[in-house]
Amino acid sequence: KISNLNKDFVIFSMIREINLLLGVCKFLRLISNKIVGREANPINNWEKINIFKRTVYKFLLYFAYNSFDKLIFNSNFTKNSIYRFIHIHSKVSFRVIGNPIILSNTNEADDKNNYHNNHYQITNIGRLEHQKNQGFIIDAFFLAQKKKKNIYLKIIGSGSLLSKYQLKVKNLGINNKVEFIPYIHDINTQLNKTDLFVMASIFEGFGNVFV
């Protein structure tokens, strides 16, 4: 309804599920707007998905993205994985635009000396979802803290697996060494208190937190 009221507007979509919906709607001529879609994640491990689901998804993605006017990818790796998964017609133009980062001018490194008190801080940042694989990090930390008593783990992020990971930490008996922190804007403060940054993602389109 919104698109048909504003047919001259260009629709900019940034989430694959919404990309699929918009592309199929345009293919079926339910909307006529120009559409620019952004892809932030590669197609990963689809050979492990049952063939029916993979075929349907591939079919939908093909008709959706070939109905778009332009595609933007956050990395060449993401672009190449999409182009390997489906054939995209040459009439659909594309552009690779890497995600930006903002560097703080604030230098808080001196805080680290006051913070430690003989603590060794390990930090992970990311959505608490299967892709980010924090369960693996918790298992690894559990083994490491048996030998190094002064290490501590912070996991910064939110997601559907928070309760599962909190229960995992409780069952392992390491509540006093693992802290879950919701998303925060001032990430530099936490990173300046960190000795080791860890990342165990199963796949990434870009890897913002690593940058």
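Along the sequence shown, residues carry numbers from 1.
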Centre-to-centre under 6.0 Å for F59 and Y62, is that the case here?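 Ring centres of Y62 and F59 not closer than 6.0 Å.
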Measuring only between side-chain heavy atoms, which start at C-beta, is [X] closer than 4.5 Å to [Y]?
X    : Y    : answer
V178 : Q166 : no
E204 : K132 : yes
T189 : N192 : no
R54  : I51  : yes
V209 : I156 : no
H119 : K177 : no
I125 : F197 : yes

Find the distance between [atom1] ([X]) and [atom2] ([Y]) and round it off to the nearest 0.5 Å.
X    : Y    : atom1 : atom2 : result
K193 : Y152 : NZ    : OH    : 15.5 Å
Q145 : N150 : CD    : CG    : 11.0 Å
L21  : I31  : CG    : CD1   : 8.0 Å
S201 : Q134 : OG    : CD    : 7.5 Å
R127 : L162 : CZ    : CG    : 14.0 Å
I11  : N19  : CD1   : CG    : 11.0 Å

Return yes if some donor-acceptor pair links the side-chain N/O of [X] with the main-chain N/O of [Y] below 3.5 Å, else return no.
X    : Y    : answer
N124 : I155 : no
N133 : A200 : yes
N66  : H87  : yes
D195 : Y120 : no
T123 : K154 : no

Does [X] [atom1] have over 12 foreign heavy atoms under 6.0 Å away?
X    : atom1 : result
N50  : CG    : yes
Y183 : OH    : yes
F77  : CZ    : no

On the 0 to 90° scale, with breaks at 30° and 60°, tag the F94-Y83 ring pair as parallel, tilted or perpendicular.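 Rings of F94 and Y83: perpendicular, as their planes differ by over 60°.
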Assign the ring pair F68 / Y65 to parallel, tilted or perpendicular, where the plane angle (0 to 90°) is split at 30° and 60°. tilted
Joint hydrophobic cluster, [X] plus [Y], side-chain heavy atoms closer than 4.5 Å:
X    : Y    : result
I72  : I35  : no
L143 : F136 : no
L196 : F180 : yes
V10  : V92  : no
I82  : F203 : no

Listed once per pair and sorted, the side chain to side chain donor-acceptor pair (under 3.5 Å) pairs that draw on residues 155-165, sequence neighbours left out: E129-S160
Assess whether side-chain contact (heavy atoms from CB on, under 4.5 Å) is satisfied between I43 and L61, documenting all intermediate values. CA-CA 11 Å; I43 299 291; L61 204 65; 4.1 Å; yes
Summary of salt bridge (charged side-chain N to carboxylate O under 4.0 Å, His left out) pairs that have at least one residue in residues 14-40, sequence neighbours excluded: R16-E39, K26-D69
Which pairs pass salt bridge (charged side-chain N to carboxylate O under 4.0 Å, His left out) with one or both residues in residues 83-97, sequence neighbours excluded?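 Qualifying pairs, neighbours excluded: none.
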Does the side-chain contact (heavy atoms from CB on, under 4.5 Å) test come out yes or no for F63 and L28, once each step is laid out? CA-CA 10 Å; F63 284 104; L28 296 175; over 6 Å; no
